[in-house]
Amino acid sequence: MSKTGVMKTVYFDHAATTPLDERVLKAMKPYFTEHYGNANSAHQRGNKAKVAVEEARETIAELIGAEPAEIIFTSGGTESDNAAIKGAVNATGKTEIITSPLEHHAVLHTAEALKRKGVRPVYVEPDADGIIQPEKVAEAITDDTALVSLMHVNNEIGTINPLKEISEVCEARQVPFHSDTVQSIGKLPVDVNDLGLDFLSISGHKIYGPKGIGVLYMRHATPWLPWMHGGSQERRRRGGTLNVPGIVGLAKAFELCVEEMQQHRAHFKQLRQHLVTALDDTFGGRYQVNGATEAAVPHIVNLAFPNTQGGLDGEMLLLNLDVEGICVSNGSACTSGTVEPSHVLDGIGLKPEVANSSIRISMGKDNTTEDIDFLVEKLEVVVNRMAKATPA
Ligand SMILES: Cc1ncc(COP(=O)(O)O)c(C=O)c1O
């Protein structure tokens, strides 16, 4: 509790969502109040909005090495994933999609839903570190493959897939390649030509931008048909009145993250080192980091406490930490609230008791080493208290 009686809270759930950057809010504001026109309207106010949308489109295209016409605005990462997968299946009429068991539910549940249309999802197994090896993708591709969809950075364990090598495999078999880059955009360099991507998904709220806005990149001439229908917006590829403040905010947020990427990365590496040292000092061999530690982004750390007497329940750990003023997650944010074990931790072969004792710490640019000290201090209190209360 602070001197003012307000409880101190520290947020370590940036992979779930980030706060809006003040500079982004400033860029968005005029498009709520002054320039509120519909970007499709033929008058001055409409035009003002349309100019802002087209400027944002150019900015985003440039940041990923694309053409502006290859950018489609959507409502977020979930819609972009749906659009890429369903659109490719619609256009090719082929009956297989290749993905992995570690994808976000926006991809997994889309793939499952397509079974009703006679499409077979094929799951490439990751290695023990949680990385998809290109040779496995090559083995899975057949003449019936409509699309390969594999994420760049995993939202739960932070591992990085070798997209460039996977795209070479896809290109050799002329199969379009989609990547959910929701967790890598603004954190790692993402260029659609360097990485060989035909589709890519972006979400605004993971990069200090607004919620409810996203982008689908679609390479020119890639077979694709719309999966939802409406007005003529976005060259008839995605109907619906454009979310002008959201679009302006997403472009600004993305631009800032790319400008500050090196600085943020160095900061995250320092924070991660500080965290690991503090955890080693406090817990010794009683904790482990789940997933790869080298081929991973530094700001996502998935921790388990497998050797605590009687085992620890990650859901209880999360709730106890919340009471102590620490916000973390156990598994994907979009599924928290349910008590199912994480499909990602299960997918990398963790025993259920280890997976169930895990929490995800995802750091943000404004976290400090003092925040890490606070986290480890509270973790020690909570883990020891829970261990005492758990029967051996
Ligand atoms: C990897 C990944 N893909 C997709 C999404 C969904 O994005 P949105 O919340 O913008 O729909 C998330 C959000 O948790 C994510 O982490």
Side-chain angles (χ1 to χ4, degrees), residues 11-20 24 60 71-86 99-113 126 130-132 147 149-161 163 178-188 190 195 197 199-217 227-228 238 240 243 245-247 249-251 253-254 257 291 296-297 299-302 327-338 340 342-345 347-348 360-364:
Y11 187 77
F12 280 114
D13 202 13
H14 294 82
T17 198
T18 53
L20 192 75
V24 173
I60 294 163
I71 301 296
I72 301 173
F73 290 110
T74 66
S75 63
T78 303
E79 185 187 324
S80 299
D81 288 346
N82 270 267
I85 298 169
K86 292 178 180 168
T99 184
S100 102
L102 305 194
E103 294 296 309
H104 190 270
H105 283 144
V107 167
L108 289 179
H109 289 169
T110 302
E112 282 298 305
I131 314 258
I132 303 296
L147 182 80
S149 178
L150 292 167
M151 70 202 323
H152 197 185
V153 166
N154 186 279
N155 48 301
E156 289 192 41
I157 52 177
T159 44
I160 307 170
N161 276 328
L163 293 193
H178 164 246
S179 185
D180 177 334
T181 58
V182 163
Q183 296 287 351
S184 63
I185 277 294
K187 286 148 187 135
L188 295 178
V190 175
L195 296 178
L197 301 178
F199 298 100
L200 156 167
S201 306
I202 297 179
S203 170
H205 71 104
K206 310 285 183 178
I207 54 171
Y208 305 93
K211 295 173 179 58
I213 186 71
V215 159
L216 172 67
Y217 156 78
W227 72 290
M228 60 179 265
R238 198 274 186 184
N243 172 357
I247 290 169
L250 169 52
F254 192 5
C257 280
V297 288
H299 66 284
I300 299 181
V301 186
N302 198 303
C327 305
V328 297
S329 158
N330 67 333
S332 158
C334 312
T335 53
S336 62
T338 70
E340 281 172 28
S342 147
H343 67 280
V344 173
L345 300 182
I348 59 169
R360 176 186 70 184
I361 292 156
S362 49
M363 300 177 259

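Remember, it's 1-based here, ligands and their atoms both numbered in the order they're listed.
Closest to atom 7 (O) of ligand 1 by heavy atom, among Gly77, Ser329, Ser201, Ser179, is Gly77. The residue among Asp81, Ile202, Asp180 with a heavy atom at the shortest distance from atom 3 (N) of ligand 1 is Asp180. For the residues Lys211, His104, Gln183, Glu156, the heavy atom positioned nearest atom 5 (C) of ligand 1 is part of His104.
Shortest non-hydrogen contact noted between Ile207 and Ala253 is O-CB, 3.4 Å. The shortest non-hydrogen separation linking Pro210 to Val24 is CD-CG1, 4.2 Å. Across every non-hydrogen atom of Glu156 and Ile300, the tightest pair is O-CG2, 3.6 Å. Residues Asp13 and Val328 approach most closely at OD2-O, 4.0 Å, considering heavy atoms.
Atom numbering of ligand 1 starts at 1 in the shown order; those under 4.0 Å from a heavy atom of His205 are 8 (P), 9 (O), 10 (O). The Met151 neighbourhood of ligand 1 comprises atoms 1 (C), with distances under 4.0 Å to a heavy atom of that residue. Listed by number with element, the atoms of ligand 1 under 4.0 Å from a non-hydrogen atom of Gly76 are 10 (O). The ligand atoms of ligand 1 that sit less than 4.0 angstrom from a heavy atom of Val182 are 2 (C), 3 (N), 4 (C), 12 (C), 15 (C). The atoms of ligand 1 that sit less than 4.0 Å from any heavy atom of Ser203 are 8 (P), 10 (O).
Residue contacts with ligand 1: Glu79 is placed with no nitrogen or oxygen under 3.5 Å of a nitrogen or oxygen of the ligand (distance criterion only).
Residue Lys206 places a heavy atom less than 4.0 Å from ligand 1.
Using the six-membered ring where Trp is involved, His178 and Phe199 have ring planes that are perpendicular, over 60° apart on the 30 and 60° scheme. Ring-plane geometry between Tyr11 and His14 is classed as perpendicular, the angle between the planes exceeding 60 degrees on a 0 to 90 degree scale with a lower cut at 30.
Using a 4.0 Å cut-off between heavy atoms, Thr78 contacts ligand 1 through both its backbone and its side chain.
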Between Lys211 and Thr17, is the side-chain hydrogen bond (donor to acceptor under 3.5 Å, both in side chains) condition met? List the steps. CA-CA 8 Å; Lys211 295 173 179 58; Thr17 198; 3.2 Å; yes
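Atom CZ of Phe12 sits about 7.0 Å away from atom CD1 of Ile361, to the nearest 0.5 Å.
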